[in-house]
Asker: 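Below: one structure in structure tokens.
In this text the structure is predicted, and so the values were computed from the model without any measurement. Reminder, nothing fancy here: chain letters follow the sequence lines and each chain counts from 1.
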Amino acid sequence: MSSPDTATAVRPARRLTIARAIAEAIGQEMERDSDVLVMGEDIAKLGGVFGTTTGLLDRFGPERVRDTPISETAFIGAAVGLAASGMRPVVELMFVDFFGVCMDAIYNLAAKQSYFSGGQVTCPMVLMTSVGGGYGDAGQHSQALYATFGHLPGLKVVIPSNAHDAKGLMLAAIRDPNPVIFMYHKALQGMGWLGTVQRSITDAPEGDYVVPLGKAKCVREGEDVTVVGLGLSVHQALDAAGRLAEEGVSAEVIDLISIAPVDRETVRASVRRTGRLLVVDDDYLSYGVGAEIIASVCEAGIPLLVPPQRIAFPDIPVPFTPVMEHFVLPNADKVAAAVRQMMEVPN
Amino acid sequence: MNGASNASDRLWMYATMVKSRHFEALIKPAYFEGKSPVFNMAKGPLPGEMHLSDGQEPCAVGVCAHLRPGDTITATHRPHHVAIAKGVDLDAMAAEIFGKASGLAGGRGGHMHLFDARVNFACSGIIAQGLGPAVGAALASKLRGDDTVAVAFLGEGAANQGAFHEALNLASVWKVPAVFVIEDNAYGISVSKRDCTAVERNADRAAAYSMPGHFVAGNDADAVHAIAGEAIARARRGEGPSLIEIETCRLEGHFMGDAEGYRPAGEVERLKARDPIPAYRARLLADGFEAIDLDRAEAEARAAVDAAFAFARAAAYPDPEEAFAHVFA
Ligand SMILES: Cc1ncc(C[n+]2csc(CCOP(=O)(O)OP(=O)(O)O)c2C)c(N)n1
Ligand SMILES: [Mg+2]
């Protein structure tokens with residue numbers, strides 16, 4: 001979907017973090033569409049705790065770039081009202097863990113505006129938030145909660161694994177007439193104070209392009225096994241696939257990008273070829289993304305050489321101490337080990 | 001309980017402020033271990049966010065001087081000073097922050113989730129989450145007919161959260177022995193109170209819930225002690241909740257590693273020049289306390305903290321499998 005950009009042929013490749021990509025997308029859309037505004041805690045003067053709004057206050061001023069009080073019920077409800085009034089709010093609540101205080105405005109209001117009004121009222125808003133742990137921030141600052149949001153009809157949910165997709169997804173999300181939960185993973189964000197998986201820092205066109213909501217992408221082709229991930233787990237799958245290749249195992253890696261809507265067909269097409277399916281994510285295991293993807297494949301009657309597998313965060317709160325947290329978090333070693341086991345079973 | 005604090009409370013408040021400050025003074029270098037030359041929050045013996053309370057000690061000691069182990073406290077993401085003043089086990093608290101097996105929760109909670117049921121202390125990382133539980137603890141006290149109280153600490157930023165207003169209303173309607181203590185350090189992360197709060201004084205909000213609202217100026221332990229004594233005694237007498245707003249200051253960043261670009265130039269220097277701990281020492285000396293007594297109390301406080309850190313450092317990490325324990329009771 002990238003629009004051909006004549007400048008891209010000559011300009012040197014840029015190295016964009018997901019944080020910069022998000023801020024660039026929002027800024028470009030604010031230039032293009034005066035109905036777009038941004039609000040949230042620490043997003044104006046500070047530019048967002050996770051850098052998603054850096055520079056926007058200086059460019060667009062405090063009317064369109066608003067620091068809010070710590071009043072999520074009010075400002076997320078207000079975003080729904082803005083959206084119903086024809087504006088396009090981009091709202092940040094810095095950690096997905098905090099959504100408990102304002103969930104009503106999200107799942108009973110934003111998600112149901114269109115339905116309850118029989119299509120008269122739309123809710124074109126983006127709600128962005130950070131997800132994930134792995135850095136010792138304990139159980140109220142480290143959850144992923146993909147499935148919690150993916151479960152709720154009326155919400156679109158995306159999570160980019162790299163800067164290119166982050167920018168295109170944000171542009172698509174702002175233009176979409178529905179509420180979009182835009183999750184960015186802290187381990188990919190490119191903050192100066194937290195390590196970042198280098199592969200998430202990519203080139204991205206300077207101009208306008210969208211990455212469509214609801215489409216998965218094959219990010220590494222392979223023949224023996226399909227490994228499905230999203231956000232951080234895409235990188236764990238790619239790392240594992242690299243190691244497995246040296247052992248003669250060819251793993252295909254699918255980046256889901258979106259979990260609502262979820263692109264079941266791209267996954268099914270891959271598993272039809274490989275006959276093996278492993279899903280990796282860092283949300284709680286039960287009722288999660290892994291279960292949904294495996295069900296999609298099983299329901300389609302696709303023959304499998306070995307039972308499908310999933311790696312996720314176990315059904316426990318995220319522990320603080322690193323010895324426990326790293327023990328339970330998914331990682332590339334666990335992915336590789338699971339694939340090896342799936343390959344051992346004779347077909 | 002009214003009026004000037006007595007000598008033993010004043011000495012305790014001084015020593016406890018020193019203890020809290022020393023605790024955080026030891027956290028600072030430990031936090032940066034493993035995080036240099038490149039700062040990475042995930043690294044070192046103290047990973048994750050670290051919210052220090054330097055400057056806010058008068059709030060903790062002025063309130064906790066009136067509390068007993070049976071009284072409940074719910075505190076915030078910035079909990080050390082309050083935990084120490086409430087008498088949370090110092091060794092186990094330090095060990096928890098280091099993620100060790102002998103920590104308060106065996107390393108599961110960390111610095112934002114300190115629980116010590118022995119002294120009814122809990123804290124949380126979600127803004128204004130502790131207010132409802134404080135109302136509940138206060139109602140339990142009322143139903144049981146004992147004279148314990150519950151105190152909820154919160155930041156001035158949290159006073160804009162819905163839970164604050166709901167909890168105050170509920171506490172008032174149920175007339176429970178709860179005291180709500182706002183530590184006004186002027187900022188919620190980067191956002192100044194002025195830019196996000198509809199009232200100049202949060203104490204004024206008490207009127208909306210038919211309870212006394214007190215404002216304590218000057219970040220002064222004696223002044224906090226006097227007002228808190230009044231509010232807590234009132235709660236113990238069964239006369240209902242109060243709101244206290246304390247003007248205080250945060251001498252450090254919101255969390256360690258905060259570049260603090262949102263502060264006006266020279267602000268931290270100005271605040272440090274009015275550091276409440278040396279100011280309190282000077283006041284006590286002027287009021288006739290002997291330097292030798294203050295020095296002794298101070299040395300004891302530091303020694304307790306040094307011992308707690310030695311304990312925490314030497315303690316073993318938990319077995320990783322322990323992650324699965326205590327999900328359910
Ligand atoms: C519900 C919720 N929203 C946002 C946050 C993020 N957050 C953590 S601390 C903080 C500022 C709190 O300000 P204040 O209540 O004044 O306490 P202080 O940090 O100044 O002690 C914010 C917004 C959170 N933890 N929980
Ligand atoms: Mg504050």
Asker: Is there a donor-acceptor pair closer than 3.5 Å between any side-chain N or O of Asp42(A) and the backbone N or O of Ser190(B)?
Answerer: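 The answer is yes, because a donor-acceptor pair under 3.5 Å joins these two groups.
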Asker: Between Val328(A) and chain B, with a heavy-atom cut-off of 4.5 Å, which part of the residue counts as in contact: side chain, backbone, both or neither?
Answerer: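 For Val328(A), the side chain is the part near chain B, not the backbone.
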Asker: How close do Gly134(A) and Ala42(B) get, heavy atom to heavy atom, and via which atoms?
Answerer: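 Shortest heavy-atom contact: O-CB, 4.1 Å.
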Asker: What part of Glu72(A) gets closer than 4.5 Å to chain B, counting heavy atoms only: side chain, backbone, both or neither?
Answerer: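 When you check distances to chain B, atoms from both the backbone and side chain of Glu72(A) fall under 4.5 Å.
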Asker: Would you say the side-chain atoms of Thr321(A) pair up with the backbone N or O of Gly99(B), donor to acceptor, closer than 3.5 Å?
Answerer: yes
Asker: In Å and rounded to the nearest 0.5 Å, what is the CD to CZ distance from Glu325(A) to Arg108(B)?
Answerer: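 Result: 14.0 Å between the selected atoms.
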Asker: Roughly how far apart are Met41(B) CE and Met191(A) CE, rounded to 0.5 Å?
Answerer: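 So the CE of Met41(B) and the CE of Met191(A) are separated by 10.0 Å.
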Asker: Sort out for me which of Val327(B), Asn40(B), Asp195(B) touches chain A most, counting heavy-atom pairs under 4.5 Å.
Answerer: Asn40(B)
Asker: Is it the backbone or the side chain of Thr197(B) that comes under 4.5 Å from a heavy atom of chain A, or both, or neither?
Answerer: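 Contact with chain A: none, neither part.
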Asker: Using a 6.0 Å cut-off, check whether atom NZ of Lys43(B) has over 12 heavy atoms from anything other than its own residue.
Answerer: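 Not buried by this count: 12 neighbours or fewer within 6.0 Å.
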Asker: Counting heavy atoms not belonging to Tyr287(A), are there more than 12 under 6.0 Å from its OH?
Answerer: no
Asker: Contact part of Val101(A) toward chain B, heavy-atom cut-off under 4.5 Å: side chain, backbone, both or neither?
Answerer: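 For Val101(A), side-chain heavy atoms alone lie under 4.5 Å from chain B.
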Asker: Heavy atoms only: give me the nearest Phe324(B)-Pro314(A) pair and the separation to one decimal.
Answerer: CE2-CB, 3.6 Å
Asker: Could you report the tightest heavy-atom contact between His113(B) and Ala138(A), atom names first, then the distance?
Answerer: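 Looks like CD2-CB, 3.7 Å.
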Asker: Please determine whether the number of non-hydrogen atoms from other residues, nucleotides or ligands lying under 6.0 Å from atom CZ of Phe311(B) exceeds 12.
Answerer: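 Atom CZ in Phe311(B) is crowded, with more than 12 foreign heavy atoms closer than 6.0 Å.
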Asker: Give, as side chain, backbone, both or neither, the part of Met112(B) having an atom under 4.5 angstrom from any heavy atom of chain A.
Answerer: side chain
Asker: As an exercise, state the distance from OH of Tyr262(B) to CG of Asp67(A), rounded to the nearest 0.5 Å.
Answerer: 12.0 Å
Asker: For Asp137(A) and Glu49(B), indicate whether the former's side chain and the latter's backbone hold a donor-acceptor pair under 3.5 Å.
Answerer: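 Present.
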Asker: For the pair Glu321(B) and Met324(A), evaluate side chain to side chain contact (heavy atoms under 4.5 Å, CB included) and give the outcome as yes or no after the intermediate values.
Answerer: CA-CA 7 Å; Glu321(B) 295 274 357; Met324(A) 290 184 191; over 6 Å; no
Asker: Picking from Leu46(B), Ile126(B), Val191(B), which has the most non-hydrogen pairs under 4.5 angstrom with chain A?
Answerer: Ile126(B)
Asker: In Å and rounded to the nearest 0.5 Å, what is the CD to OG1 distance from Glu166(B) to Thr73(A)?
Answerer: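 Glu166(B) CD to Thr73(A) OG1: 7.5 Å, rounded to 0.5 Å.
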Asker: Rounded to the nearest 0.5 Å, what's the gap from SG on Cys102(A) to CD on Gln161(B)? Could you check?
Answerer: 8.5 Å
Asker: Angle class for the Trp193(A)/Phe255(B) ring planes (parallel below 30°, perpendicular above 60°, tilted otherwise)?
Answerer: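 Ring orientation of Trp193(A) relative to Phe255(B): tilted.
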Asker: Got a sec: does the NE2 of His151(A) have more than 12 other heavy atoms crowding it under 6.0 Å?
Answerer: no
